[in-house]
Each structure stands twice: as C-alpha cells, then as structure tokens.
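Position 1 is the first residue of the sequence; numbering continues from there.
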Amino acid sequence: MNTLTPPKVSFFLRQSRGKSKELGALYLRIYYDGLNAEISLKRQVPIKKWNPTLGRLSGSGELARESNNFLDTIQARVLNQYRQLLDNNKKISAPILKSLLQGKRKTEIKLMELMDFYISQMEEYGGIKYAERTIQKYNTTKNHLQTYLKLDYQISDISISNIDHDFISLFERFLRTERPCNNNSAMKYLKCMKKVFKSARQRKWMKHDPFENIEIKIIPEKRYFLSKPELQAIEEKAFSDPRLQIAADMFLFACYTGLSYIDLRNLKSENIFVGIDGYRWISINRKKTDTSSNVPLLPRALKIIEKYREVPNPFCSELLLPMPNYPLYSKNLKEIARICGIKRNLTSHIARHTFATTVTLANGISVEALSRMLGHKSFKTTQIYAKVVEERISEEMQILRQKFENESSPKLVPKYVKSQ
C-alpha cells in the first residue's frame with residue numbers, strides 16, 4: 001500500500017574485490033513502503049573523503065563539489081519521479097522508482113520541485129543555519145509562485161528550462177498588482193527566487209540565468225522607534241490579560257537590550273555573565289549575522305529577567321524568558337499599541353530601533369559602542385541610527401526655534417486714548 005510519505009533516498013560506498021582500497025563505488029538506495037532498491041551510480045570516489053553520516057563527500061574542493069552536486073541531482077530526480085507518479089495516481093514502489101531512474105528518458109526538474117528541494121535543504125539544518133522566519137519567507141515565495149502560475153498560465157507547475165526574463169518580469173508585476181506587495185516585499189521574494197536559481201545552476205540543473213539584466217533594488221525604509229513618552233506609556237500600563245503583559249515585558253526587554261526576536265527567544269541563562277565592571281551582561285552570537293554581541297543589562301531589563309526567573313517557561317525549560325511564537329507576539333503587540341494610544345504597529349524591529357535611538361544614542365552612547373552591542377557587521381548600518389537621531393533633534397530644534405522667534409517678534413502696542 002502506497003503512503004504519502006516520500007521515498008527515503010540515501011547514498012553509500014561499496015568496495016569491489018580486486019579494486020583500489022582507496023576508492024569506493026557510489027551506490028543509491030531507495031526505500032519506500034517497506035521495500036529497498038539499490039542502484040550502482042557508476043562512479044568511484046576516495047573513501048577517506050566520504051562522510052557516511054551525511055552521505056556526501058567532505059571538503060570544498062572541486063571533486064567534492066562536483067560529486068555532491070551529482071548526488072543532489074540524483075536525489076531530486078527520484079523525488080520528482082515520485083511526485084509525478086503520485087500526481088497521476090500511479091503505483092509507487094522502490095523498484096518502480098529504480099526502473100524510472102535507469103530509463104533513457106530524462107526527467108526535467110520543475111519549478112515547484114526545485115523550490116521544495118531548496119526549502120527542504122534549509123530545513124535539514126534544523127534552525128542552525130537558517131532562522132524560522134527565513135524559511136517561512138521562502139515558503140511564502142513558493143506560494144506566490146503557485147498562485148502566479150495558476151492565474152497567469154493556468155498551470156500548476158513549469159519546467160525550469162522554460163523560465164526566462166519575461167517570466168520573472170511578469171512575476172514581479174504580479175507581486176506588485178495582485179498581491180499587492182510594496183517594492184521591498186516584492187524585491188525580497190525575487191531575491192529568494194534568485195538564490196534558488198543560483199543553486200540550480202551550481203548543480204547544473206539550469207544552463208541560463210533568468211535574472212540576467214533584472215535589477216533588484218531595495219529602497220531604504222524609514223526606521224520607526226518609540227519616543228520616551230511612548231516607551232513610558234507601555235512601562236506604566238498594567239495589563240489585566242497575562243498574554244498581553246508577557247508580550248509587553250518581552251517588547252520592553254528588547255527596547256532595553258536591542259535583541260532581535262529570534263535572539264531574544266533563544267536567550268538562555270548561560271548567555272548572562274558578570275563583566276569586568278561587576279555588572280551583568282548579555283553575550284550572544286547573533287542568529288542573523290553570526291556576529292558576537294555583548295550588551296550590559298540595564299536595570300529595567302534586569303528587572304524583567306528577575307520577574308520571570310521563577311515562572312515556568314511554557315515553551316522550553318532552558319529558555320530564560322517566555323517569548324511567544326512570532327504570529328502570536330505580533331498580534332499581541334498590535335493590541336498593546338492600541339491600548340497605549342500608540343499610532344503605529346509595534347514590531348520587534350521597532351523595539352530594536354528604540355534601543356538604538358531613544359535608549360542609547362539619545363543618552364550619549366557613542367555610535368561605535370552601539371555598533372558593538374547591536375552586533376552589526378558594518379559600521380555603516382549603525383550610522384543610520386545616528387542619522388535618525390539627528391533628524392529627530394533637528395525637528396525638535398525647529399519647533400524650539402519657532403517658539404523663540406514668536407517670543408522675540410515685536411508685539412502690537414495698543415494705542416492710548418489721549419487724555420482730555
């Protein structure tokens with residue numbers, strides 16, 4: 001009986017008698033619905049370079065890259081054949097998949113198959129290399145592509161060999177008009193596609209680059225942050241609903257530490273240490289940029305840690321704070337903004353921007369120190385915050401300047417009635 005679980009594809013080495021002891025013959029094993037099928041791939045590789053756990057060659061040399069790309073191609077073909085049999089309601093078994101693979105007809109890789117393969121490769125890292133939100137962005141890109149194919153082409157999939165410059169240009173127009181996405185959202189989805197196609201070309205699945213002569217331009221967005229009165233409004237509000245109070249505390253903690261959502265959610269007790277100044281600090285390796293970040297714990301952030309120290313964490317006992325999942329956190333922050341009279345949606349980015357501006361730069365912390373605390377790879381990234389603070393100071397000084405000008409302007413002197 002066939003199941004909806006894809007076949008398990010693995011690779012292994014086998015040494016033939018009389019052959020060199022340094023080389024092993026590559027074999028493919030397909031496991032499906034209780035049955036195995038093995039195929040010789042007619043290739044030999046150095047046994048010392050073979051990693052049996054990964055089923056790939058170790059190292060970054062030309063031989064390793066070429067061989068691993070070859071194995072990736074074989075794996076993708078098996079999965080593609082499985083999906084075709086499943087879509088056509090045909091019988092599926094390991095021997096059938098083996099015979100299809102050994103057949104002379106070459107199976108073309110299709111777009112949805114390529115997206116599934118790329119996303120599955122990301123998911124295999126288990127959050128080590130790719131953040132959950134990054135994987136979600138690629139899944140969203142795939143969903144947009146599926147809708148685009150259905151609406152504009154009346155098909156469910158397309159061979160990657162048929163994707164050209166016009167396909168990409170029309171997909172961009174679809175994102176801007178049918179979704180609709182703003183410029184930066186559309187560009188981010190195109191960047192995802194471009195990386196997927198680059199990976200396909202590296203594996204020799206695509207010979208052409210459909211993104212050639214297509215410009216992907218991200219427009220710098222205005223960085224919003226909370227003013228001191230807005231920050232105080234959240235701090236001074238006592239929420240009767242525990243879920244809102246937790247979300248508010250997590251947001252405030254981010255405002256006083258500059259941690260991103262993913263870094264805050266992964267925060268553990270082992271990330272807290274006593275610095276050379278005798279005070280407690282946070283030390284993390286930023287998930288997004290893989291750079292170190294050391295932040296002194298301000299009293300208000302420390303107070304939040306102490307508040308939840310004895311509270312059981314419903315998500316993971318090793319985590320320091322009860323950070324909810326992102327959709328729930330975003331929903332609660334919108335409600336908090338409404339209750340506190342804040343005229344914009346609160347996000348984890350706004351909390352980080354607030355730390356950079358209202359909490360640090362506006363209180364005399366240098367841009368250099370801020371850059372180290374935020375874990376920025378480029379100092380130019382941090383300078384954006386300094387510019388934002390300068391713009392705010394300029395706006396406030398303009399109001400003050402106008403006030404002084406009004407006070408110094410000549411006043412109308414009333415005409416006195418001549419005495420009789």
Side-chain angles (χ1 to χ4, degrees), residues 1-16 24-45 50-58 64-130 135 138-139 141-143 145-146 149 155-161 196-197 199-206:
M1 181 181 71
N2 292 334
T3 67
L4 294 179
T5 304
K8 182 178 180 181
V9 179
S10 59
F11 301 97
F12 64 96
L13 292 187
R14 182 174 288 163
Q15 187 174 349
S16 302
L26 275 172
Y27 276 78
L28 161 70
R29 179 181 289 122
I30 303 172
Y31 176 83
Y32 185 78
D33 200 18
L35 292 176
N36 279 328
E38 295 181 358
I39 308 172
S40 171
L41 299 179
K42 312 298 183 185
R43 282 198 177 202
Q44 291 185 330
V45 296
W50 181 253
N51 185 325
T53 303
L54 297 178
R56 296 292 190 277
L57 266 70
S58 301
R65 286 198 303 270
E66 196 275 332
S67 298
N68 291 339
N69 285 341
F70 168 73
L71 296 179
D72 288 341
T73 302
I74 296 296
Q75 182 175 357
R77 286 183 182 176
V78 174
L79 295 176
N80 182 44
Q81 290 157 356
Y82 162 77
R83 291 190 186 94
Q84 288 184 357
L85 292 172
L86 192 64
D87 291 343
N88 295 316
N89 200 26
K90 297 288 184 68
K91 182 180 178 181
I92 307 174
S93 70
I96 289 175
L97 292 169
K98 173 182 176 179
S99 64
L100 287 173
L101 187 66
Q102 290 177 320
K104 294 182 179 180
R105 184 177 67 86
K106 184 178 179 180
T107 304
E108 279 196 323
I109 295 175
K110 294 192 174 183
L111 178 58
M112 291 300 106
E113 174 193 359
L114 177 62
M115 294 297 298
D116 285 337
F117 176 78
Y118 192 90
I119 293 170
S120 67
Q121 294 285 92
M122 297 172 73
E123 291 173 338
E124 281 184 9
Y125 283 93
I128 298 174
K129 186 175 181 180
Y130 301 100
I135 297 175
Y138 278 84
N139 276 309
T141 303
K142 176 193 167 186
N143 293 337
L145 283 167
Q146 284 181 319
L149 288 172
I155 57 177
S156 60
D157 210 344
I158 185 173
S159 171
I160 59 175
S161 62
V196 171
F197 290 147
S199 172
R201 294 198 312 280
Q202 290 173 337
R203 291 182 166 87
K204 303 189 186 312
W205 297 347
M206 291 183 80

For residues I96 and Y32, determine if any side-chain heavy atom of one lies less than 4.5 Å from a side-chain heavy atom of the other.
-> no
One should read off an interatomic distance between K110 NZ and D116 CG, to the nearest 0.5 angstrom, of 13.0 Å
Margin query: Pair F117, D72 - check side-chain contact (heavy atoms from CB on, under 4.5 Å), show working.
Written below: CA-CA 9 Å; F117 176 78; D72 288 341; 4.0 Å; yes
Between the OG1 atom in T141 and the CD1 atom in I119, the distance rounded to the nearest 0.5 Å is 7.5 Å
Hey, are the side chains of N69 and K204 touching, using non-hydrogen atoms and a 4.5 Å cut-off?
no
In this structure, CZ of R43 is separated from CD of E66 (nearest 0.5 Å) by 4.0 Å
The reported gap from CG in L101 to CD1 in I74 (rounded to nearest 0.5 angstrom) is 5.5 Å
Sequence neighbours excluded, the answer for side chain to side chain contact (heavy atoms under 4.5 Å, CB included) partners of S199 is Y118, R203
ask   = Between L149 and M112, is a side-chain contact (heavy atoms from CB on, under 4.5 Å) present by the stated rule, with each step listed?
value = CA-CA 10 Å; L149 288 172; M112 291 300 106; 4.2 Å; yes
task = Report the C-alpha separation of I92 and L86 in whole Å, then their side-chain angles, then the decisive distance to 0.1 Å, and conclude whether the side-chain contact (heavy atoms from CB on, under 4.5 Å) test is met.
result = CA-CA 7 Å; I92 307 174; L86 192 64; 4.0 Å; yes
Under the side-chain contact (heavy atoms from CB on, under 4.5 Å) criterion, do L57 and W50 qualify, and how do the steps go?
CA-CA 5 Å; L57 266 70; W50 181 253; 3.3 Å; yes
Those residues at least two apart in sequence (or on a different chain) that pass side chain to side chain donor-acceptor pair (under 3.5 Å) with K98 are none
Between the CE atom in M206 and the CZ atom in R201, the distance rounded to the nearest 0.5 Å is 7.0 Å
What one should report as the nearest heavy-atom pair of Q75 and F11 is N-CZ, 4.2 Å
Value for OG (S10) from CD1 (I30), rounded to nearest 0.5 Å, stands at 9.0 Å
Closest non-hydrogen contact found for L79 with P6 is CD2-CB, 4.3 Å
Between D157 and E113, the two heavy atoms sitting closest are OD2-N, 4.1 Å
State whether the side chain of N68 and the backbone N or O of A64 hold a donor-acceptor pair below 3.5 Å, judged by distance alone. yes
Check whether any side-chain heavy atom of N80 lies under 4.5 Å from a side-chain heavy atom of I109, and answer yes or no. no
Tightest non-hydrogen contact, residues S67 and V45, listed as OG-CG1, 4.1 Å
Report yes or no: does N36 contribute a side-chain atom to a donor-acceptor pair with the main-chain N or O of A94 at less than 3.5 Å?
no
Looking at side-chain heavy atoms only, is the closest gap between L100 and Y82 below 4.5 Å? no
| query | Looking at side-chain heavy atoms only, is the closest gap between L111 and V196 below 4.5 Å? | reply | no
